[in-house]
Every structure is written in C-alpha cells, then in structure tokens.
Amino acid sequence: MTQPAPIRRASLLDAALAAAERGWPVIPLHPGRKRPAGHPERSCPGTGRCAGGHRTPEQRATTDPDLIRAAWAARPYNVGIATGPAGLLVLDLDPLKPEEPIGAPDGATSLQALCERAGETVPATYRTRTARGGEHLYFTAPAGVRLGNTAGKLGPHIDTRGWGGYVVAPGSTTPTGNYDIADDAPLAQLPTWLTQLLRDAPQPAVSAVVPVRDGTRAAQVALNRECDVVRGTTEGGPEGRNVTLHRSACKVARFVAWGHIPRHVVEEAIQAAGESTGLPPAECRTTIRSALEWVLRAAGTRETA
C-alpha cells in the first residue's frame, strides 16, 4: 500500500530539476499543498540559515541540483517557482468559483476582453494548467523593470506573479487536482502594452486609459456575434436559452462599460434575439438587465447614454 510514494517523489523531484534546468529557482511547497515549506517570519528562530535574519522563500529558492535532490529526497514536496529571481512574469487566470453568477467573466474571458480593448493579442507562450482548471501564462519579465504581484489589477480573476511571488510548477498535485503543462511553447517576452499597464495603471484595466483601435466597430461586431449565438440556441430548453442569453449579454456589456456602444442598442438587439428563441419578453428583459448591471457595476464605469 506504500509503494506509490517513491514514484510520486521521483516525479516531483524531476519537476523541480526540470524547472531548475530552465534557470528557474525552486522552493519546496508542503506535500499536496501550495504553501511554502519552512517557518514564517513571525516564528523565525534566527538560527541556522536565518542566523543573519529571516530568509524568505524567494531568498531560499535555488537552481542547485544537489540542494534540490537533498530536499526532495526528504519529503514529497510540491514545487514552487520563485518568479522574480527566475526573471518571469506569470499571468494567473483563475476559473470562476462555484458561488459566482453564471456569465461572470473568468480569468481567460477577462484577458480576452482586455486584449480586445487594447487592440492587441497575447502571444503564444509557455502555459500550464492549474489544479482548479485555470491557467498560468509564463513570460520573460522586461529588462530593467521590477514587476511585483497584482490581484485583479488587469481584470477580474487575473492575478500576476513577479518579484515577491511564486507559482506552483507543473508536476505538483493537490487534493483539488494536478498542475500540468498545457502548452510547451517557447517563452515569450511580456508584451510592452501589458508591461505598461502593470507599471502605471492604478485601477483595473476596464477603467484604465488603454489605446483603443476602432472600439465602436469592435462593439458592433461583438453584438452581432452574440445575437447570432442567442438566436442559434436550440438545446437545453428555456433554462438553457436563458443561460445563453445572460452569458451573451455579459460579453457585450463590457463594450457598454467602455463607452463604445449605447446600452439601449445592446438591450434592443439582444432582446429581439432572445424573443426569437421563444423566451417570454419579460424574462428576456430581466435577464439582459441583470447581466448588464452586473458587468457595469463590476467595471465601475458609466454607460454611454
């Protein structure tokens, strides 16, 4: 019954060594957990490796294969990558939590909206899949810029990890699930426009001043696309059609929040699309208004009259 343990240790050791071979310093995380092993600063004994002062996990991170083998031989630690010393900036795209409303933007949707607003795309880069079904997008941090960690600064469910932070490496496992490589593409440089947002923007990107390329046209294209999605919904009965209506309204609502299209134009178009599926007009109005108001409230911006 105890035989699987050595297999798991070898896998985790390999994961730690693989990260170190890329030049990414690693730290041990508690077995099956995401928290760094070792004592916190508040209970630092001030002896041993901390004789000169408490050493943070970032300061203890290493690429030394001998130290890594010694640590992972002791326990089946999960693997953390110290993003700052590794020269990385990682976008952490979180999935929705079970208690969040249907149609609310997850990290991937928020990133897509951010790119649309800026008229940019995110380049292909090394990606990992997180235990809860999110993604980590790894980028080379810009030279001469010390980027730290952020939470929600770029948009809902988008966090970043730089100096002072770490990410759980692929090969690690938790009770929620495993961390795996999703795309083993070469590491891309963090785009300049994202660097600028992380350096200068004091608020989430939905309310920040970002270069826009023909936002009105993009809004109309998005509205037409989502109306087609609503009209094409044939499965799931009334409940399924209502869920699709809410989701599509949320997707277009961000353009209302950005001031690229009037709210009444969106409401009228999606209302007609919803009614074409057989949903009652009153139900359509309630669903659409709920979606628009939720997104506008989250964005914290005024709609276009």
Side-chain angles (χ1 to χ4, degrees), residues 15-29 34-36 55-65 67-68 78-94 107-108 110-115 117-130 134-172 179-205 208-211:
L17 291 172
E21 286 173 4
R22 288 177 175 264
W24 299 343
V26 297
I27 55 174
L29 308 179
K34 299 191 296 182
R35 188 165 53 86
R55 289 175 59 81
T56 66
E58 183 175 86
Q59 292 170 325
R60 292 188 281 110
T62 183
T63 58
D64 187 323
L67 292 178
I68 292 170
N78 270 340
V79 183
I81 298 171
T83 43
L88 296 173
L89 192 287
V90 177
L91 297 186
D92 181 5
L93 308 181
D94 285 332
S110 294
L111 180 60
Q112 180 183 358
L114 180 68
C115 292
R117 176 166 171 77
E120 301 284 356
T121 59
V122 174
T125 192
Y126 181 83
R127 295 179 180 231
T128 65
R129 189 174 297 104
T130 66
E135 276 194 316
H136 288 164
L137 279 61
Y138 287 55
F139 293 95
T140 300
V145 179
R146 191 179 177 92
L147 296 175
N149 306 317
T150 67
K153 186 173 186 178
L154 294 178
H157 296 296
I158 304 177
D159 298 336
T160 66
R161 294 292 177 263
W163 283 97
Y166 67 93
V167 291
V168 182
S172 301
Y179 287 77
D180 300 305
I181 296 175
D183 187 348
D184 200 12
L187 207 64
Q189 182 77 26
L190 183 70
T192 302
W193 65 278
L194 277 174
T195 300
Q196 196 65 31
L197 285 177
L198 290 171
R199 291 184 68 178
D200 299 336
Q203 299 295 329
V209 177
V210 183

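Scope of the values below: all heavy atoms of this structure, side chains included, with no hydrogens, waters or symmetry mates. The shown structure was predicted, so the numbers you read here are calculated from the model rather than taken from an experiment.
Heavy atoms only, all atoms of each residue included: Gly164 and Glu58 are closest at N-OE2, 2.6 Å. The shortest non-hydrogen separation linking Thr83 to Gly162 is OG1-O, 2.6 Å. Between Ala182 and Glu135, the closest heavy-atom pair is CB-OE2, 4.1 Å. Here the shortest heavy-atom pairing between Cys115 and Val122 reads SG-CG2, 3.3 Å. The shortest heavy-atom contact between Ala82 and Ala61 is CB-CB, 3.6 Å. Nearest heavy atoms, Pro123 versus Pro191: CD-CG, 3.6 Å.
Side chains of Tyr166 and Ile81 form no contact here, defined as non-hydrogen atoms less than 4.5 Å apart. Side-chain contact between Asp92 and Val167 is absent, with no heavy atoms from C-beta onward closer than 4.5 Å. The shortest side-chain heavy-atom distance between Leu93 and Ile158 falls under the 4.5 Å cut-off. Between Leu147 and Leu190, the closest side-chain pair of non-hydrogen atoms falls below 4.5 Å. Residues Pro170 and Asp180 have side chains not in contact (no heavy-atom distance under 4.5 Å, counting atoms from C-beta outward). Leu89 has its side chain within reach of Thr160: a pair of non-hydrogen atoms, C-beta onward, lies under 4.5 Å apart. Side-chain contact between Trp193 and Leu114 is present, with at least one heavy-atom pair separated by less than 4.5 Å. Using a 4.5 Å heavy-atom cutoff, the side chains of Leu187 and Leu88 are in contact.
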Evaluate side chain to side chain contact (heavy atoms under 4.5 Å, CB included) for Ile68 paired with Thr62, printing each intermediate quantity in order.
-> CA-CA 8 Å; Ile68 292 170; Thr62 183; 4.1 Å; yes
Where do Leu154 and Leu194 land on the side chain to side chain contact (heavy atoms under 4.5 Å, CB included) test, with the steps shown first?
-> CA-CA 9 Å; Leu154 294 178; Leu194 277 174; 4.1 Å; yes
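Not a single donor-acceptor pair under 3.5 Å links the side chain of Thr63 to the backbone N or O of Gly23. Arg161 places no side-chain N or O within 3.5 Å of a backbone atom of Gly165 that could act as its donor or acceptor partner. Here the side chain of Lys153 pairs a donor or acceptor atom with the backbone of Leu198 at under 3.5 angstrom. The main-chain N or O of Phe139 is never found under 3.5 Å from a side-chain atom of Thr125 such that the two would form a donor-acceptor pair.
Expressed to the nearest 0.5 Å, how far CZ of Arg127 lies from CD1 of Ile181 amounts to 14.0 Å. Between atom CG of residue Leu197 and atom CD of residue Glu120 there is a gap of 10.0 Å, rounded to the nearest 0.5 Å. With values rounded to the nearest 0.5 angstrom, Tyr126 atom OH is found 6.0 Å from Asp184 atom CG. Atom CG of Asp183 and atom CZ of Arg129 lie 9.5 Å apart (nearest 0.5 Å).
Using bins of under 30°, 30° to 60° and over 60° for the plane-to-plane angle, the ring pair Tyr179/His136 lands in the tilted bin.
A cation-pi arrangement is absent between Arg22 and Tyr138, since the terminal nitrogen or guanidinium carbon is not both under 6.0 Å from the aromatic centre and inside a 45° cone about the axis.
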